[in-house]
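Down below is the structure, laid out as structure tokens.
Hydrogens, waters and symmetry mates play no part in the numbers below; they use all other heavy atoms, side chains included. All values derive from a computational prediction rather than experimental measurement. Labels below follow one simple rule: chain letters A, B, ... track the order of the sequence lines, proteins then strands, and each chain is numbered from 1.
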2 protein chains.
Amino acid sequence: MKKIIGVLGGMGPAATVDIMAKIINNTPANCDQEHIPVIAVSFPDIPDRTASILSGGESPLNKMLVTLRILEEAGAGCIIMPCNTAHYWYDELKASTKTHFINMIEATCTKIVSEEINNVAILATTGTIKSGLYQERLKKEKVNFIIPDDIQQEVIMESIFTYKGGDEKRAYRLMETVITQLKNIGVERFIMGCTEIPIILSGCSDKERYIDATEELVRKVVAWYYFGY
Amino acid sequence: MKKIIGVLGGMGPAATVDIMAKIINNTPANCDQEHIPVIAVSFPDIPDRTASILSGGESPLNKMLVTLRILEEAGAGCIIMPCNTAHYWYDELKASTKTHFINMIEATCTKIVSEEINNVAILATTGTIKSGLYQERLKKEKVNFIIPDDIQQEVIMESIFTYKGGDEKRAYRLMETVITQLKNIGVERFIMGCTEIPIILSGCSDKERYIDATEELVRKVVAWYYFGY
């Protein structure tokens, strides 16, 4: 049977497009037919993840489950979810399906540990930061990390929502401000721990400083496709 | 019930990503939740369309039908197929489904007629050219068009397959050669009548010369989403 990657997408829609492009770029194909089969369900009406975590807004879980069921029915053999904050519900989603489901936070932290990266700043939504998704795992691995202060975190969040609202340039300027401040206090490496961030920063010149969670998730799922793990 | 766009994709996979990005860019949304629900099935193992048209290679129809069935089952309310050449089988696909299915060639020719564009060159796969998909419709509308000569057509085809094989720069150089030759004989407007071409030419500076079939299909499907036609 055909191996199919299922993308539990729409959070946001641009991140779904970004991960599909990255799957193509990470596939050693010489023609259409050698590329990897993908089904992407991008239902952007899934309630905002950060709002649900921080202030008890409507839970996105039910709508995520609808998307997951569509992917299962369509024959997906492995699920990926290009939204870091949505991984707050990862355990519940995983428990509800027999389909292999790769964890994006796990994939990113594996890279950090294996490359012995340290003193890394976590750039993510306030929902991801407050839920400690990255911190818990990094603490366990004894990796030192830096969390933006409250004002910086507000600017990061504004950048992300500004991008989602369609103003790419302002989103870039906002994100750049925080990154410059963090560089000024000695931070050299950054986790792009929100799927909008690699898109916002796609024009930046020092890509080697960044660990792109989307890219790490893609590496894992391409390995699943070719090698089954 | 939710209105969902279904993308019958994978021909090639980058064209599927391109149309999803163009749907986002053509949607007047201020946040994730205002974006349009999309299900994209990108199964790139669909047999090569031009090879089937020209030399009786395996027909892609059966595999296209498999994708169409997945989109129907998942609840798509309108199908789009980001591959001009695949429209050779459009009538058969449309006859096999009750779901609304927008024709990309039709969308592009409507734009040409409504803007009174004339003396336009058709840049497309050899399959699209030989099957006369664009020519028939343009003749009916009394639009003058130019077809690349056989050598130019071979270069266009090489550019498209070079892009699909992953060499973007060479693909661009090849396409540029033909376009320059056509400009030298007075051609001012070009139909990008293969979904790889707007990606190959994404860095070009004179975008106003080109009619992008993907973009025209997106305009139609966004209108379907908001206005139902």
Side-chain angles (χ1 to χ4, degrees), chain A residues 2 4-7 9-25 27-49 51 58 60 63 66-67 69-71 73-76 83 160-168 196 199, chain B residues 2 4-7 9-25 27-49 51 58 60 63 66-67 69-71 73-76 83 160-168 196 199:
Chain A
K2 182 150 59 190
I4 301 165
I5 295 173
V7 181
M11 302 179 283
T16 300
V17 171
D18 188 47
I19 203 162
M20 292 176 79
K22 283 173 175 158
I23 291 171
I24 295 171
N25 292 341
T27 304
N30 295 306
C31 62
D32 282 358
Q33 290 72 22
E34 291 175 12
H35 276 279
I36 301 177
V38 175
I39 298 175
V41 178
S42 180
F43 286 175
D45 62 345
I46 294 176
D48 185 69
R49 285 64 65 192
E58 188 190 350
K63 289 199 172 171
V66 169
T67 299
R69 295 288 99 81
I70 292 174
L71 293 170
E73 290 266 318
C83 174
I160 294 167
F161 277 108
T162 298
Y163 180 83
K164 286 176 187 286
D167 189 344
E168 297 173 32
E196 257 71 21
I199 320 176
Chain B
K2 184 152 55 190
I4 301 166
I5 296 175
V7 181
M11 302 179 283
T16 300
V17 171
D18 188 47
I19 203 163
M20 290 177 79
K22 282 171 175 159
I23 291 171
I24 295 170
N25 293 339
T27 303
N30 295 307
C31 62
D32 283 357
Q33 290 72 23
E34 290 176 13
H35 276 279
I36 301 177
V38 175
I39 298 175
V41 178
S42 179
F43 286 175
D45 63 345
I46 294 176
D48 185 70
R49 286 63 66 192
E58 187 191 347
K63 288 198 171 171
V66 169
T67 299
R69 293 290 96 85
I70 292 174
L71 293 171
E73 291 266 318
C83 175
I160 294 167
F161 277 108
T162 298
Y163 180 82
K164 286 175 187 286
D167 189 345
E168 296 172 34
E196 256 72 20
I199 319 176

Heavy-atom proximity to chain A below 4.5 Å, by part of [X]:
X       : result
B:Thr16 : side chain
B:Ile23 : neither
B:Ala29 : backbone

Does any backbone or side-chain atom of [X] lie under 4.5 Å from a heavy atom of chain B? Answer side chain, backbone, both or neither.
X       : result
A:Pro28 : neither
A:Ile5  : neither
A:Thr27 : neither

Interface check, chain A: of B:Ala40, B:Gly165, B:Gly75, most non-hydrogen pairs under 4.5 Å belong to B:Ala40
Under 4.5 Å, counting heavy-atom pairs only, tell me which of B:Gly10, B:Pro13, B:Gly12 racks up the most with chain A.
-> B:Pro13
Using every non-hydrogen atom in the two residues, find where [X] and [Y] come nearest and quote the distance to one decimal.
X       : Y       : result
A:Pro37 : B:Pro44 : CA-CD, 3.8 Å
A:Pro47 : B:Gln33 : C-NE2, 3.7 Å
A:Val41 : A:Leu71 : CG2-CD2, 3.6 Å

Given side chains that start at C-beta, do those of A:Lys63 and A:Pro60 come closer than 4.5 Å, heavy atoms only?
-> no
If we only count heavy atoms from C-beta on, is the A:Lys2 to B:Val66 side-chain gap below 4.5 Å?
-> no
Could you walk me through whether B:Ile39 and B:Glu73 pass the side-chain contact (heavy atoms from CB on, under 4.5 Å) check?
-> CA-CA 11 Å; B:Ile39 298 175; B:Glu73 291 266 318; over 6 Å; no
Leading residue by heavy atom contact count with chain B [cutoff under 4.5 Å; candidates A:Val38, A:Ile4, A:Asn30] = A:Val38
Of all of A:Thr162, A:Ile46, A:Asp45, which one pairs up most often with chain B through heavy atoms under 4.5 Å apart?
-> A:Asp45
Salt bridge flag under 4.0 Å for residues A:Lys164 and A:Asp48 | no
